[in-house]
Visitor: 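The structure is given below, and queries will be raised subsequently.
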Amino acid sequence: MPRYNPAQIEPKWQEYWARNKTFAAPQLPGAKKLYVLDMFPYPSGDGLHVGHPEGYTATDIICRFERMRGKSVMHPMGWDAFGLPAEQHAKKTGTPPRITTEKNIGTFRRQLQMLGFSYDWDREVATTDPDYFRWTQWIFLVLFDTWFDRELGRGRPISELPIPADVDASGGQAIRRYQDAHRLAYQSEAPVNWCPALGTVLSNEEVIGGLSERGSHPVVRIPLRQWMLRITAYADRLEQDLAELDWSDSIKTLQRNWIGRSTGAEVDFYIGHPDESPEGRPVAPAFKTWRNERAERGFAATPTSDAIRVFTTRPDTLFGATYMVIAPEHALVPRLTRPAQAAAVREYCERAARKSDLDRTELAKEKTGVFTGSFAVNPVTSRPIPIWIADYVLASYGTGAIMAVPAHDTRDFEFATAFELPIQPVVDPGDDAGVDRDAVLGGVAVFTGEGTSIHSGPYVSLSTADCKQQITDDLAKRGLARPAINYKLRDWLFSRQHFWGEPFPILHELDAAGKPTGLVRTVPPGELPVDLPELAVFETHGSPEPPLEHAPESWLYPVVDGRRYKRETNTMPQWAGSCWYYLRFLDPKNSRELVSRQIEHAWMPVDIYIGGAEHAVLHLLYARFWHKVLYDRGMVSTGEPFQKLVNQGMILGEMELTGYKQADGAWTSAAMVETDDDAQPKLKQTGEAVEAVRVGFDQVEKTGEAFVLKGHPTVRLDSRAYKMSKSRGNVVNPDNVVREYGADALRLYEMFMGPLEATKPWSMEGVNGVRGFLDRVWRMMTAERSERAELNPAVRDVEPTPEQNRVLHKTIHGVTQDLERMSFNTAIAKMMEFTNFYLKCDVRPKSAMQTLVLLLSPLAPHISEELWQLLGHQQTLAYEPWPAFDPAAVHEDEIEIPVQINGKLRARIRVPQGASPQVIEHHARNDERIAALLENQTIRKVVVVPGRMVNFVVG
RNA sequence: GGCCGGAUGGCGAAAUUGGCAGACGCACGGGACUUAAAAUCCCGUGGAGGGAAACCUCCGUGCGGGUUCGAUCCCCGCUCCGGCCACCA
């Protein structure tokens, strides 16, 4: 019996496509271009898992579909191949990372080719290839050569940076240092996230709750000289430009939250002491920065030691600011600390410095802090307020100092309560804010919402919004405040202490004694790439020392123009290569440029980008940032790289059944399972220990609706799907699926499971189900019981009957629409309906069969090509015109519409297509059943929606 | 704690976003073919009740309200599940 044999068909067509370069994209597209991009994979040693082909199949369907509709399609694939696992493998086995990486790429390439994706393999790139990272290094040089012009809101060449007169007068070194302080790539001594277990520094994004994202190891903060990228300069544009993108709102929200724009004001609090009069203190105009990068952003510089600058989103609550808090790392800590408090402050700050982020987070419940002994002056009340130090204020956000308004901020309230500081309510929540108004007004509850000002001098009875505005305006006139915007986004820590990454094209200048001067020179673009040296030692030493420190002297200390330099030994993070790979695909062999200007202009932007939601923040933000810099520098033609973005949902493992066992080993009975009348059964808290146990399918019985444990008919089992993981043993390997069911079945199943963006559980029985569909399609067109596949005698060169034609064109229309809106599961369902119908026909017009093959071909290309050939064609169907929909074919003279009485379906009537409401109502009233039901009823209203339904409202 | 998603048969899901709830598939039940099983084909399948039967009635999209002739869809208030961020002033 002909179950078709994918093991024969699929490799045959894969070879055909490769041999004929069927899917080679043109250098320059025709009139209608389409750039469809997958998030290229990290080629791990485990090979592909079934999550990869989900997105890849979706993009492949789009590409094949649009090629048939006449578009020039760019569909490349490559490898994000730098990364820690290959390096760790090297440490364990001594195998150089390049060898491991090449092997893994080989596996991934084989697996992807086995699935029949229509990539243009001639464009394959790997981030680890020197011909590739040469350009990654080149872009770093662009970043290094760019400063951000705040006036124009864009990046410009460093040569155009205006040099202040005093700097200019100080000469060459001063100018270089000034420029270095303004570059988009700069060095910083700021505290970094050092992970001893991984032996590397991590970006903020790679630290989750004080633990490393990879491996969950503790992370501590230590100061270290690092390369930073000034992504914060672009925060505003990265946020604003989201508006034009065709991305889901949830991803946009994710990015917005990450950028974390807050509007408010900066307010200066002059430092005074109760013994000193705050009056008559001169306004200090000269503001000195205490952190360069914040000054560069144009705000948040802390003024002289005469004042503490804070950022607040609620200037309206200024009258309620009863104390101030500065971060333990704040530059003013030493100056503000009075002798009496010195010991306590020193101890507190040292403890805070030792704490890892995890400790700080874990201890978040209990607020800690210490008084400095100093006071500041509240600029609106002129009263002195105490200045405290507490680690709930972050040095890295805003100005590293806050005004504390305990009545209207939860954290301040907790702190004030713990240290018995005064709580002064200044916002009346009103009666319907959903809070205990009396408690708020009495200063024993916190209210963070908006309301009406009270106890606020001249600002009483203003709304929160008006009050913000007026207080800010008034203080601005006195030079004590200004509107300000702050971002949660921090500058991007761009160096790693890894071997297996891109070396920086940077040389450190050495003085006569061989010590670094702090000045650098770049490796000229013509001398790129800076390749990795041969290196046998991959050990880390529990200190933040990069492996490249052990490189051969000749690599480490190059001599340029007779002068000895030391190479930068940090390497770039894994994100670097993936920030721009979409550009290189367009012109992968270009040895003179990153991408030819003409080619870039013709193909960009990426029209559709599909990948996992795990990259919603980091990769997409970084890539957009680099792209904007390249755009500012005139190297790319679009402001954004990815026009449309779709996140495929996660694929979970197969459903698992769980039972519950008591401590004594007995299974819990149904009596132990509490069922509240509506919800799921829950375990009753009886005080006895109960353990969840995975139940094998051989232990399961089904009675009626529920799964029960065999032999224990009262024990109900919970069914749930879990994330695929090695430890759980529920990982599905695509190789096995292809071997058993074929690539077409795997592709089809991945698309049939549900909407692309949904999280959904795997089911092998489901794969078997779609395989059954493919078998039916095969049988619909091929003869049974023949050695060689032959056309089924039912397939004849005849005109379709009107009914066959209607089904055919309904299918064309439905599938086309569904593919356009990426609703692949319903497109497949429509082709199943087609097949169910035509299998019942004794005569199957060849034209209809050919059309179905074309409709199916984007989803299941191998079987489609085979059937296409069987139907008498010599060439691939990849560029056959997409079937045209004929509306006339689906036209029906009569349509059936439902008739309701009081919204309940009571009958169906047949009316002529396009009948008027009057005619429809007439037909409805004349229907036997309806007439009977309407007898002796008062009809209050008749609603007729032409072509849809009729509703009689009676009673 | 904040933000963003979800919740529809035994299961995965449809319903072209206010108009016939459950398309399509899985699983399951019955039948055909077969010595038998597998495969394949045909029929049935949301729940409850009624009828000899074609059929009929009622209930049904997490829960409680609301808007509407009409709500899976819109509004208000909850419950549960998932994801992301978490002391960001």
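All heavy atoms count here, side chains included; hydrogens, waters and symmetry mates do not. The chains referred to below are lettered A, B, ... by the order of the sequence lines, with proteins before strands, and numbering in each begins at 1.
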Visitor: Ignoring hydrogens and angles, does a donor from either the side chain of A/Lys367 or the base of B/C87 sit under 3.5 Å from an acceptor on the other?
Guide: yes

Visitor: Can you see if the side chain of A/Arg776 gets near the phosphate of B/C41 - specifically, an N or O under 4.0 Å from OP1 or OP2?
Guide: yes

Visitor: Students often get this wrong, so: under 4.0 angstrom with heavy atoms, is A/Asn951 touching a base, only sugar-phosphate, or nothing?
Guide: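 Touches a base.
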
Visitor: Rounded to the Å, how far apart are A/Ile485 CD1 and B/A89 P?
Guide: 13 Å

Visitor: Is any side-chain N or O of A/Thr253 closer than 4.0 Å to OP1 or OP2 of B/C84?
Guide: no

Visitor: What nucleic acid atoms does A/Arg940 come within less than 4.0 Å of, heavy atoms only: base, sugar-phosphate, or nothing?
Guide: nothing

Visitor: Within the 4.0 Å heavy-atom criterion, would you say A/Ser823 contacts the bases, only the backbone, or no part of the nucleic acid?
Guide: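 Since no nucleic acid heavy atom lies under 4.0 Å of A/Ser823, the category is nothing.
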
Visitor: Take atom P in B/G46 and the same atom in B/A32, then report the distance between them in whole Å.
Guide: 24 Å

Visitor: Base, sugar-phosphate alone, or nothing: which one does A/Ser763 contact when heavy atoms must sit under 4.0 Å apart?
Guide: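 A/Ser763: no heavy atom of the nucleic acid under 4.0 Å.
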
Visitor: Measure from the side-chain heavy atoms of A/Gln900 and tell me the nearest of B/A89, B/G19, B/G12.
Guide: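 Of B/A89, B/G19, B/G12, B/G19 is nearest to the side chain of A/Gln900.
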
Visitor: Calculate the interatomic distance between A/Glu414 atom CD and B/A86 atom P; express it in whole Å.
Guide: 18 Å

Visitor: Kindly point out which of B/C3, B/C24, B/A13 is positioned nearest to the side chain of A/Pro755?
Guide: B/A13

Visitor: Rounded off to whole Å, could you give me the CD-to-P distance for the A/Glu928 and B/C56 pair?
Guide: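 Rounded to whole Å, this separation is 13 Å.
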
Visitor: Backbone N or O of A/Leu318 within a donor-acceptor pair of the A/Asn378 side chain at under 3.5 Å?
Guide: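 Yes, A/Asn378 side chain to A/Leu318 backbone: donor-acceptor pair under 3.5 Å.
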
Visitor: As a test of reading the structure: which of B/G25, B/C85, B/A89 is closest to the side chain of A/Trp258, going by heavy atoms?
Guide: B/C85

Visitor: A/Leu933 has an atom CG; how far is it from atom C1' of B/U57, in whole Å?
Guide: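 Taking atom C1' of B/U57 as the reference, CG of A/Leu933 is at 12 Å.
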
Visitor: Given that both distances must come in under 3.5 Å, which nucleotide forms a Watson-Crick or G-U wobble pair with B/C26?
Guide: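 Pairing partner: B/G10.
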
Visitor: Which of the following nucleotides, B/A89, B/A13, B/A15, is nearest to the side chain of A/Lys760?
Guide: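 Comparing B/A89, B/A13, B/A15 against the side chain of A/Lys760, the answer is B/A13.
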
Visitor: Which whole number of Å gives the distance between the C1' atom of B/U61 and that of B/A13?
Guide: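 Between the two C1' atoms, the distance is 13 Å.
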
Visitor: Taking the side chain of A/Glu765 as its heavy atoms from C-beta onward, which of B/A89, B/A27, B/C24 lies nearest to it?
Guide: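 Nearest nucleotide to the side chain: B/A27.
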
Visitor: Which nucleotide, if any, forms a Watson-Crick or G-U wobble pair with B/C73, using both distances under 3.5 Å?
Guide: none

Visitor: Return the nearest nucleotide to the side chain of A/Val945; candidates are B/G19, B/A89, B/C24.
Guide: B/G19

Visitor: With rounding to the closest Å, how many angstrom separate the C1' atoms on B/A23 and B/U16?
Guide: 13 Å

Visitor: Looking across every strand, which nucleic acid part, if any, lies under 4.0 Å from A/Gly260 by heavy atom: base, sugar-phosphate, or nothing?
Guide: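 Nothing, no heavy atom under 4.0 Å.
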
Visitor: On a whole-Å scale, what distance lies between the C1' atoms belonging to B/U72 and B/G6?
Guide: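 These two C1' atoms come out 13 Å apart once rounded.
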
Visitor: Answer yes or no: does a side-chain N or O of A/Arg929 lie under 4.0 Å from OP1 or OP2 of B/C56?
Guide: yes

Visitor: Any idea which of B/A86, B/A15, B/A89 is nearest the A/Thr826 side chain?
Guide: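 Closest nucleotide among those given: B/A15.
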
Visitor: Calculate the interatomic distance between A/Gln648 atom CD and B/G83 atom P; express it in whole Å.
Guide: 17 Å

Visitor: With a 4.0 Å cut-off on heavy atoms, is A/Leu254 in touch with a base, just the backbone sugar-phosphate, or nothing at all?
Guide: sugar-phosphate

Visitor: Across all strands, who's sitting opposite B/A48 as a Watson-Crick or G-U wobble pair, both distances under 3.5 Å?
Guide: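 Checking every strand shown, B/A48 finds its partner in B/U57, with both distances under 3.5 Å.
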
Visitor: Round to a whole Å and report the spacing from NE2 of A/His615 to P of B/G83.
Guide: 17 Å

Visitor: Can a side chain N or O of A/Asn836 be found less than 4.0 Å away from OP1 or OP2 on B/G25?
Guide: yes

Visitor: Describe the nucleic acid contact of A/Thr759 in one word from base, sugar-phosphate, nothing, applying a heavy-atom distance below 4.0 Å.
Guide: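 The answer is sugar-phosphate, as A/Thr759 gets under 4.0 Å only of primed atoms, P, OP1 or OP2.
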
Visitor: Quick one: look up who B/C85 pairs with, Watson-Crick or G-U, both distances under 3.5 Å, and put none if it's unpaired.
Guide: B/G1

Visitor: Name the orientation of the base relative to the sugar in B/G9: syn if the glycosidic angle is within 90° of 0, else anti.
Guide: syn

Visitor: Using the P atoms only, state how far B/G19 lies from B/C74, rounded to an integer number of Å.
Guide: 11 Å

Visitor: Is the shortest side-chain N/O distance from A/Asn825 to OP1 or OP2 of B/A14 below 4.0 Å?
Guide: yes

Visitor: B/C42 and B/C24: how far apart are their P atoms, nearest whole angstrom?
Guide: 13 Å

Visitor: Return no unless some side-chain N or O of A/Arg948 is found under 4.0 Å from OP1 or OP2 of B/G18.
Guide: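 Result: no.
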
Visitor: Tell me if the aromatic rings of A/Tyr323 and A/Phe415 count as close, with their centers under 6.0 Å from one another.
Guide: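 Under 6.0 Å, so yes.
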
Visitor: Using the six-membered ring of A/Tyr4, assess whether NZ or CZ of A/Arg779 lies under 6.0 Å from its centre and within 45 degrees of the ring axis.
Guide: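 The answer is no; the distance or angle limit is not met.
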
Visitor: Just checking A/Lys830: base, sugar-phosphate only, or nothing, at a heavy-atom cut-off of under 4.0 Å?
Guide: nothing

Visitor: Hey, is CD on A/Glu894 packed in by over 12 heavy atoms from elsewhere, all under 6.0 Å?
Guide: yes

Visitor: Would you give the length of the straight line joining atom CD1 of A/Ile651 to atom CD of A/Glu54, rounded to the nearest 0.5 angstrom?
Guide: 4.0 Å

Visitor: Within the structure shown, what part of the strands sits under 4.0 Å from A/Met832 by heavy-atom distance: base, sugar-phosphate, or nothing?
Guide: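 Answer is sugar-phosphate: A/Met832 comes under 4.0 Å of backbone atoms only.
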
Visitor: Tell me which nucleotide among B/C69, B/A89, B/C24 gets nearest to the side chain of A/Glu833.
Guide: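 When the side chain of A/Glu833 is considered, B/C24 is the closest of B/C69, B/A89, B/C24.
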
Visitor: Taking NZ, NE, NH1 and NH2 as the nitrogens, is one of them in A/Lys367 or A/Asp412 under 4.0 Å from a carboxylate oxygen of the other?
Guide: no

Visitor: Which nucleotide sits closest to the side chain of A/Tyr392: B/A89, B/C4, B/C87?
Guide: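 Selected nucleotide (nearest to the side chain): B/C87.
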
Visitor: Just by modelled atom types, is the A/Lys810 backbone N or O under 3.5 Å from a matching donor or acceptor in the A/Lys830 side chain?
Guide: no

Visitor: Which is more 5' along RNA chain B, the nucleotide nearest A/Asp249 or the one nearest A/Ile402? Just name the residue.
Guide: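 Between the two, 5'-proximity favours A/Asp249.
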
Visitor: Please tell me which of A/Ala758 and A/Ile251 maps to the more 5' nucleotide of RNA chain B, matching each residue to the nucleotide holding its nearest heavy atom.
Guide: A/Ile251

Visitor: Just the rounded figure in Å: distance from P of B/G25 to CG of A/Leu748.
Guide: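 After rounding, the gap between these two atoms is 12 Å.
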
Visitor: So, A/Thr232 and A/Tyr487: side-chain donor and acceptor under 3.5 Å apart, yes or no?
Guide: no

Visitor: Under a 90° cut-off about 0 for the syn range, is B/U8 syn or anti?
Guide: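 Nucleotide B/U8 adopts anti.
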
Visitor: Using both distances under 3.5 Å as the test, list the Watson-Crick or G-U wobble partner of B/U40, or none.
Guide: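 B/U40 is paired, partner B/A32.
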
Visitor: Is there a side-chain contact between A/Phe752 and A/Phe773 (heavy atoms, below 4.5 Å)?
Guide: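 Not touching, per the 4.5 Å side-chain cut-off.
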
Visitor: Looking at B/C59, I'd like to know if its phosphate oxygens (OP1 or OP2) sit under 4.0 Å from a side-chain N or O belonging to A/Lys904.
Guide: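 Yes, A/Lys904 has a side-chain N/O under 4.0 Å of OP1/OP2 on B/C59.
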
Visitor: For the P atoms, the ones on B/G60 and on B/G22, what distance do you get once it is rounded to whole angstrom?
Guide: 16 Å

Visitor: When the P atoms of B/G29 and B/G70 are compared, how many Å lie between them, rounded to an integer?
Guide: 43 Å

Visitor: Just by distance, do the side chain of A/Asn792 and the backbone of A/Ala783 share a donor-acceptor pair under 3.5 Å?
Guide: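 No; zero donor-acceptor contacts below 3.5 Å.
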
Visitor: Give the rounded distance in Å between these two atoms: CG of A/Leu905 and P of B/G19.
Guide: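 Atom CG in A/Leu905 sits about 15 Å away from atom P in B/G19.
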
